[in-house]
Amino acid sequence: MIHIKNNMAVWLALAILLAAPSAFARSDNADPLTGRAPALEDNEDTIKRRTGSGNVASGSDKAKLCEGCHGEFGVSIDPLVPKLNGQYDKYIAKQLRNYQAGIRSHQIMNAMAATINDEELADISSYFAKQPKMKGNTPTTNEKGKNLYLKGNISKMVIACVNCHGANGKGLTPNTSMFPVLGGQHKGYLLKTLIDFRMDDRANSANAIMNRIVRSLSDADLEAIAEYLSGL
Ligand code: HEC
Ligand code: HEC
């Protein structure tokens, strides 16, 4: 029940995107391949908008424990621990709330999330969001993954990922924190979480949209997409 607002928002966002790509996705310097707005770059304005209103300085102190696993400034070096640097503050906070509520399950994170209160959560989320956006460790080119990401697969009814996650997986707009940054994330984590969605081991996206999207994709498809994204 508490997800009704989210459900409506996600479908509304999708309807707007599909019905009026010109309103949302086109811009003067559109990418020639996709006709879409270029990837969101870090600048004062985009960083400010994704950072939200938490206290970054106290977030920096409170995040020390998290950084033990997620890396200094959220730049994780463990392929199964997601990078948090430059992720939207509201997305980070939502995941923590989902771990707290048991809507998303992971033994370590359920325990970690239980230790922080609302104010700490706002500060920590803003601190990680404020960092320069995550970036791939090694450049990779995976044409199959790129194609699936940018064009989807009509015969498998897969909507192209770029519609929601933006060019290069860098986010759709500076304000739309519903769709996480994926470009530059670890391949290992991306693949694990995509398989979790497909198996319904993770089902916390609005209206289970991610579960539906990856349902018909094979292991090889998911691996190709994860590899493409991790290099961006
Ligand atoms: C002991 C290691 C460890 C610690 C400490 C830890 N995490 Fe995590 N975190 C993980 C792992 C592993 C995952 C991936 C879980 C999964 O696969 O679902 C994760 C996932 C997350 C995610 C989901 C990210 C995404 O892209 O969906 C967020 C947000 C997060 N952690 C925030 C935090 C915060 C904030 C703290 C500190 C309060 C923290 N973590 C402490 C290991 C840790
Ligand atoms: C209609 C919009 C939409 C489309 C299209 C879409 N996604 Fe998502 N995706 C979402 C939403 C919403 C979430 C956030 C889930 C949450 O709140 O936990 C998400 C989350 C994710 C995550 C989890 C990120 C993390 O840090 O844990 C991955 C990975 C992902 N999507 C990959 C993809 C891929 C790959 C495709 C294309 C095959 C795709 N998405 C298409 C809406 C979409």
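One is the number of the first residue; the rest follow in order along the sequence. In each ligand, atom 1 is the first atom listed, and ligand 1 is the first ligand listed.
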Discussion item. Out of Ala208, Cys161, Cys164, who is nearest to atom 3 (C) of ligand 2 when you count heavy atoms only?
Written reply: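 Looking at heavy atoms only, the winner is Cys164.
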Discussion item. Please compare Ser216, Ala206, Pro180 and report which has the shortest non-hydrogen distance to atom 13 (C) of ligand 2.
Written reply: Pro180
Worksheet item: Without hydrogens or angle criteria, can the side chains of Asp123 and Asn55 be said to hold a donor-acceptor pair below 3.5 Å?
Response: no
Item to complete: Look at Ser205 and state whether any of its N, O or S atoms is less than 2.8 Å from atom 8 (Fe) of ligand 2.
Response: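 No, since none of the N, O or S atoms of Ser205 sits under 2.8 Å from atom 8 (Fe) of ligand 2.
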Among the heavy atoms of [X], does any lie under 4.0 Å from an atom of ligand 2?
{"X": "Phe197", "answer": "yes"}
{"X": "Asn204", "answer": "yes"}
{"X": "Gly152", "answer": "no"}

Whether over 12 other heavy atoms sit under 6.0 Å from [X] [atom1]:
{"X": "Lys187", "atom1": "NZ", "answer": "yes"}
{"X": "Lys48", "atom1": "NZ", "answer": "no"}
{"X": "Ile77", "atom1": "CD1", "answer": "no"}
{"X": "Lys62", "atom1": "NZ", "answer": "yes"}
{"X": "Lys130", "atom1": "NZ", "answer": "no"}

Looking only at protein heavy atoms, identify the closest one to [atom] and say how far it is in Å.
{"atom": "atom 35 (C) of ligand 1", "result": "Cys66 SG, 3.6 Å"}
{"atom": "atom 11 (C) of ligand 1", "result": "His106 CE1, 4.0 Å"}
{"atom": "atom 17 (O) of ligand 1", "result": "Lys192 NZ, 2.8 Å"}
{"atom": "atom 22 (C) of ligand 1", "result": "Tyr99 CE1, 3.9 Å"}
{"atom": "atom 1 (C) of ligand 1", "result": "Cys69 SG, 2.6 Å"}

Worksheet item: Tell me, which N, O or S atom in His70 is closest to atom 8 (Fe) of ligand 1?
Response: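 Of all N, O or S atoms belonging to His70, NE2 is the one nearest atom 8 (Fe) of ligand 1.
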Location of contacts on [X] toward ligand 2, heavy atoms closer than 4.0 Å:
{"X": "Arg202", "answer": "side chain"}
{"X": "Leu194", "answer": "side chain"}
{"X": "Ile225", "answer": "side chain"}
{"X": "Tyr91", "answer": "side chain"}
{"X": "Pro82", "answer": "neither"}
{"X": "Leu190", "answer": "side chain"}
{"X": "Leu182", "answer": "side chain"}

Response to the item:
Note: ligand 1 atoms sitting under 4.0 Å from heavy atoms of Leu65 are 5 (C)
Worksheet item: Relative to the heavy atoms of Ile124, which atoms of ligand 1 are at a distance of less than 4.0 Å?
Response: 35 (C)
When you compare ligand 1 with [X], is there at least one nitrogen or oxygen pair between them that comes in under 3.5 angstrom?
{"X": "Tyr189", "result": "yes"}
{"X": "Gln185", "result": "no"}
{"X": "Arg104", "result": "yes"}

Can any side-chain N or O of [X] pair as donor or acceptor with the backbone N or O of [Y] at less than 3.5 Å?
{"X": "Lys64", "Y": "Ser60", "result": "yes"}
{"X": "Asn168", "Y": "Lys170", "result": "no"}
{"X": "Glu67", "Y": "Phe73", "result": "yes"}
{"X": "His165", "Y": "Gly183", "result": "no"}
{"X": "Lys83", "Y": "Gly184", "result": "yes"}
{"X": "Tyr127", "Y": "Ala122", "result": "no"}

Fill in: Min heavy-atom dist Thr193 to ligand 1 below 4.0 Å
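Contact check Thr193 vs ligand 1: negative.
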Only heavy atoms of [X], strictly under 4.0 Å: list the atoms of ligand 2 that pass.
{"X": "Ala160", "value": "5 (C)"}
{"X": "Lys94", "value": "16 (C), 17 (O), 18 (O)"}
{"X": "Phe179", "value": "2 (C), 10 (C), 11 (C), 12 (C), 42 (C)"}

Worksheet item: Going through the checks in order, is the side chain to side chain donor-acceptor pair (under 3.5 Å) test met by Asn142 and Lys146?
Response: CA-CA 6 Å; Asn142 188 309; Lys146 183 175 182 179; over 6 Å; no
Worksheet item: Using heavy atoms and a threshold below 4.0 Å, how should the contact between Leu96 and ligand 1 be classified: side chain, backbone, both, or neither?
Response: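 It is the side chain that gets close, since no backbone atom is under 4.0 Å.
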Worksheet entry | ligand 1-proximal atoms of Leu84, by part, heavy-atom distance under 4.0 Å |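 Under 4.0 Å from ligand 1, Leu84 contributes side-chain atoms alone.
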Worksheet item: Is Leu182 close to Leu232 at the side-chain level, that is, under 4.5 Å between some pair of heavy atoms?
Response: no
Fill in: atom 8 (Fe) of ligand 2 - closest N/O/S atom in His165
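It is NE2 of His165.
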Discussion item. Is there a polar contact between ligand 2 and Gln95, counting only N or O atoms under 3.5 Å apart?
Written reply: yes
Discussion item. If hydrophobic clusters are built from ILVMFWY residues whose side chains come within less than 4.5 Å, do Leu150 and Ile213 share one?
Written reply: yes
Discussion item. Same cluster or not: Val81 versus Met109, using hydrophobic residues (I, L, V, M, F, W, Y) connected whenever any side-chain heavy atoms lie under 4.5 Å apart?
Written reply: no
Discussion item. For Asn204 and Gln95: C-alpha separation, side-chain torsions, deciding distance, then whether side chain to side chain donor-acceptor pair (under 3.5 Å) applies.
Written reply: CA-CA 8 Å; Asn204 65 330; Gln95 297 311 308; 2.9 Å; yes
Worksheet item: So, is Met109 placed with an N/O/S atom under 2.8 Å from atom 8 (Fe) of ligand 1, counting both backbone and side chain?
Response: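 Yes.
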Worksheet item: In this structure, which one of Glu44, Arg49, Arg50 forms a side chain to side chain contact (heavy atoms under 4.5 Å, CB included) with Ile47?
Response: Arg50
Item to complete: Test side chain to side chain donor-acceptor pair (under 3.5 Å) on Asn153 and Ser155 and set out the steps.
Response: CA-CA 6 Å; Asn153 184 331; Ser155 65; 2.8 Å; yes
